[in-house]
Amino acid sequence: MAKTRVIYWFRTDLRLHDSPALKAALDLNPAAFWPIFTWDPHYVYRARGGLNRWQFLLDCQNDLSKSMSKLNPKLKLFVLREAPQSLFPKLFKAWEVTHLVFEKDTDSYGRERDQVVMEAAKKAGVVVIVKSGRTLWDSDEVVKKNGGEPTMSMAALRAAGGKVGKIPRLIPSPQRLPDPGEMPVDFEQDQPDPAPDLNASRRTEKDTGYKSIAGPSGDFAIETMEELGFPSATTPHRGGESIALERLDKIIQDTKYTATFEKPNTSPAQFDPPATSFLSPFLHFGALSVREFYWRVQDVVDAYGKGASSPPTSLTGQLLFRDMYFAAQAARGAVFHQTANNPSCRFIPWHLPSKTDPSTGIVTGEYHVDSDTAEAWFQRWKHGVTGFPWIDALMRQLKQDGWIHHLGRHSVACFLTRGGCYVDWERGAEVFEEWLLDHEPACNAGNWQWLSCTAFFAQFFRCYSPVAFGRKWDKEGALIRKYVPELKDLDAKYIYEPWKAPLPDLKKAGVRIKGDGLSDKEDRTYPKPMFDFNERRQICLDAMKKAYDVGLHGADKQVLDGSWKELFPDSDTSEVRGEHDTDDEDGGKKRGRESHAGEKRAKPKNTIAAAFKKQKK
DNA sequence: GTATTTGTTGCTAGT
DNA sequence: CACTAGCAACAAATA
């Protein structure tokens with residue numbers, strides 16, 4: 001039998017423990033074994049990612065690399081800087097590869113990319129082995145068992161998951177890793193097109209990541225922030241499998257915490273340490289196996305007996321929600337991330353709706369500014385200067401640290417959409433996509449749909465108050481004092497509503513309530529609240545009720561051809577815009593989602609189609 | 001089929 | 001501090 005020469009392709013599974021795919025690779029008993037990572041231009045240029053997440057990715061790569069070197073000093077994580085689509089055909093030949101092994105990807109770009117690579121492997125006579133390991137159950141199997149439909153409820157997910165089978169148990173960790181073979185790269189490097197570079201605004205230096213396939217020293221080194229032209233990250237949170245396993249160990253040792261965990265009883269105001277596990281960023285990069293997390297918790301719960309919490313509020317319940325969103329995304333594909341053409345997403349005539357590419361039906365990454373007021377509100381929300389300290393603290397924590405508690409996400413998401421600004425959930429999802437360390441496309445889109453009451457959840461009359469909700473958890477305003485230092489000396493009585501504080505109190509605290517926080521920001525000032533919340537809450541409630549009565553969904557004809565507008569006769573005056581908003585300069589023309597009459601056709605910016613000029617089916 | 005209950009986590013004003 | 005009713009009222013699951 002010919003000797004097996006195996007490439008193990010790490011992607012979003014940056015770990016050695018409990019990896020079904022890695023086990024499959026090692027079971028081949030390779031004569032040559034290359035653990036590689038492809039530095040993919042799609043992520044480098046076409047995916048939004050804040051500095052904190054880039055840093056976290058590098059942390060995970062470096063930790064994994066070190067762990068492999070410990071098992072075999074001849075090994076490390078070999079990074080090759082080229083698009084996998086063009087790289088692999090050359091690699092198969094140059095390295096005389098017999099097998100390619102990787103963990104199944106679940107996102108739309110990942111699936112398209114893997115299809116291309118698998119075709120190339122077939123052509124080259126390379127055997128491809130793919131194993132599911134990113135979710136508790138293979139999402140495609142869950143969808144099949146759910147009648148081909150997206151899993152839109154916990155009940156549906158659990159029923160379908162049960163039919164797929166038992167969640168796989170822990171796989172023994174590798175004790176040794178085989179030697180790599182020779183690694184010639186004496187072939188031409190396909191240079192990526194750096195435009196458009198969605199990360200350009202973050203670079204302070206030129207990106208030099210693609211100078212050569214094997215990196216600046218020709219040793220397949222992991223890229224660095226400097227090479228990518230990025231300044232330092234601001235987050236205190238660090239990535240890597242070692243940290244993830246330590247953290248998990250610590251949680252599991254606390255049997256009471258693990259067995260009785262109930263998400264709604266954990267505080268969104270607690271930050272040091274967070275009230276929840278803080279393992280989601282590690283799950284995102286695959287530095288922790290979700291199945292290992294599940295079973296180690298479940299074993300504690302089973303042993304604990306009476307008094308243990310149960311899904312959906314328990315720790316394992318959180319993981320089930322993750323699988324629910326993954327399976328819903330698997331069923332819907334790319335439109336899961338948008339309203340247009342998404343049959344399970346309710347249509348609400350939000351402000352700042354996305355532009356859609358008529359040829360693909362996919363959003364372009366640009367949006368209509370139908371209201372200057374809404375745009376100003378959105379910018380103030382994004383940058384944490386709404387004048388509501390609870391909201392601002394959370395948004396600044398998100399930007400600075402890359403993580404906020406789940407209930408904090410609820411609070412700011414409700415505020416931006418159905419409970420305040422009436423701005424499209426897709427705008428908020430984009431900001432989270434950029435700033436969250438644990439940004440998981442399926443969970444992000446799903447949770448934004450949930451909070452905006454466009455799918456998964458519908459009780460829009462349950463509205464988070466930017467004052468009361470925070471105060472319930474944090475009377476003294478510790479979170480605000482940390483992330484909104486302008487207010488750190490203000491009396492607790494006014495910390496959630498500084499505009500109500502008497503002048504002497506403000507003076508004592510050394511702060512003035514002034515301006516909008518964006519323009520001409522003066523020292524020792526904090527902005528006035530950008531609207532009367534109770535007034536906005538009522539306007540939004542009425543508008544939501546109206547939209548629910550109309551009952552349109554994202555794939556309905558009226559939504560796609562723009563005729564939905566006839567069903568919302570007052571949509572650009574009273575109930576949607578509110579009394580502050582009198583601008584009507586475009587007469588609502590720009591608000592049609594598909595009928596771009598008189599408009600230049602927007603170029604797709606953030607789509608696979610644009611990146612690789614491939615036709616979507 | 002209809003009616004009732006349930007659903008990860010609202011707010012206020014009460015006991 | 002834990003719990004409840006009332007607020008107005010959605011959609012899916014269950015009886």
Side-chain angles (χ1 to χ4, degrees), chain A residues 136 146-147 149-162 260-270 274-277 280 294 297 301 308-326 328 343-348 388 390-391 394 404-420 443-444 446-475 496-497 532-553 575:
Chain A
L136 298 173
N146 197 45
E149 290 296 310
T151 44
M152 299 306 288
S153 71
M154 183 71 351
L157 182 273
R158 294 181 77 175
T260 64
F261 179 95
E262 285 189 301
K263 188 63 153 281
N265 295 338
T266 59
S267 171
Q270 195 181 314
T276 47
S277 72
S280 51
Y294 179 91
V297 169
V301 168
S309 54
S310 48
T313 52
S314 65
L315 265 181
T316 54
Q318 310 311 303
L319 303 180
L320 292 169
F321 273 114
R322 181 175 174 275
D323 258 51
M324 178 183 83
Y325 290 132
F326 268 93
S344 47
C345 187
R346 198 172 272 281
F347 171 77
I348 314 276
F388 294 96
W390 171 248
I391 300 295
L394 287 165
I404 52 177
H405 185 279
H406 189 64
L407 292 182
R409 302 181 196 196
H410 278 214
S411 216
V412 299
C414 179
F415 184 86
L416 181 71
T417 58
R418 66 183 167 85
C443 300
N444 193 40
N447 276 317
W448 273 95
Q449 288 168 34
W450 185 299
L451 261 299
S452 61
C453 289
T454 49
F456 299 100
F457 184 74
Q459 288 164 278
F460 55 76
F461 43 89
R462 289 192 183 169
C463 180
Y464 290 85
S465 157
V467 172
F469 188 71
R471 189 136 63 192
K472 185 169 85 183
W473 294 102
D474 179 14
K475 274 258 173 312
Y496 286 91
E497 301 168 286
D532 179 324
F533 172 70
N534 286 324
E535 192 180 279
R536 285 300 308 172
R537 178 183 174 276
Q538 197 52 56
I539 289 167
C540 287
L541 268 176
D542 294 346
M544 290 298 289
K545 181 156 171 39
K546 166 78 179 165
Y548 265 70
D549 284 347
V550 171
L552 290 175
H553 288 77
E575 81 269 50

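Order of the sequence lines sets the chain letters (A, B, ...), proteins ahead of strands, with each chain counted from 1. All heavy atoms count here, side chains included; hydrogens, waters and symmetry mates do not.
Among the atoms of the strands shown, base atoms are found under 4.0 Å from some heavy atom of F321(A). Across all strands shown, E262(A) has no heavy atoms under 4.0 Å from either base or sugar-phosphate atoms. Contacts of W450(A) with the nucleic acid, taken as non-hydrogen atoms under 4.0 Å apart, include base atoms.
The two residues A308(A) and V301(A) make their nearest non-hydrogen contact at CB-CG1, 3.9 Å. The shortest heavy-atom contact between C453(A) and F460(A) is SG-CA, 3.6 Å. Scanning all heavy atoms of the two residues, the minimum distance from P311(A) to S314(A) falls at N-OG, 3.1 Å. Contact record, K263(A) with L407(A): O-CD1, 4.4 Å, taken as the closest heavy-atom pair. Of all the heavy atoms in I348(A) and A547(A), the pair that sits closest is CD1-CB, 3.7 Å.
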Nucleotide N/O to protein N/O under 3.5 Å, stretch nucleotides 8-15 of chain C:
from, atom 1, to, atom 2, distance (Å)
dA11(C), OP1, R346(A), NH2, 2.2

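Note that the OG1 atom of T454(A) and the CE atom of M544(A) stand 7.5 Å from one another [nearest 0.5 Å]. Atom CG of residue N444(A) and atom CZ of residue R409(A) lie 8.5 Å apart, to the nearest 0.5 angstrom.
Boundaries of the chain A contact region on DNA chain B are dG7(B) to dT12(B), first to last in 5' to 3' order (nucleotide atom under 4.0 Å from a heavy atom).
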Review point. If pairs are Watson-Crick or G-U with both distances under 3.5 Å, what is the dot-bracket string of DNA chain B, marking crossing pairs with [ ] and pairs to another strand with |?
Key: .||||||..||||||

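Between F456(A) and M324(A), the closest side-chain pair of non-hydrogen atoms falls below 4.5 Å.
Going from the P atom of dC7(C) to that of dT8(B) covers 25 Å, rounded to whole Å. dT6(B) and dA9(C) have their C1' atoms separated by 14 Å, with the value rounded to a whole Å. Here, dA11(C) and dC11(B) have their C1' atoms 22 Å apart, quoted to the whole Å. Taking the P atom of each, dA8(C) and dA3(B) are spaced 23 Å apart, rounded to whole Å.
With sequence neighbours left out, the side chain to side chain donor-acceptor pair (under 3.5 Å) criterion links Q538(A) to D542(A). Among residues two or more places apart in sequence or in another chain, the side chain to side chain contact (heavy atoms under 4.5 Å, CB included) test is passed with A458(A) by Y548(A). For T266(A), the side chain to side chain donor-acceptor pair (under 3.5 Å) criterion is met by H405(A), not counting sequence neighbours.
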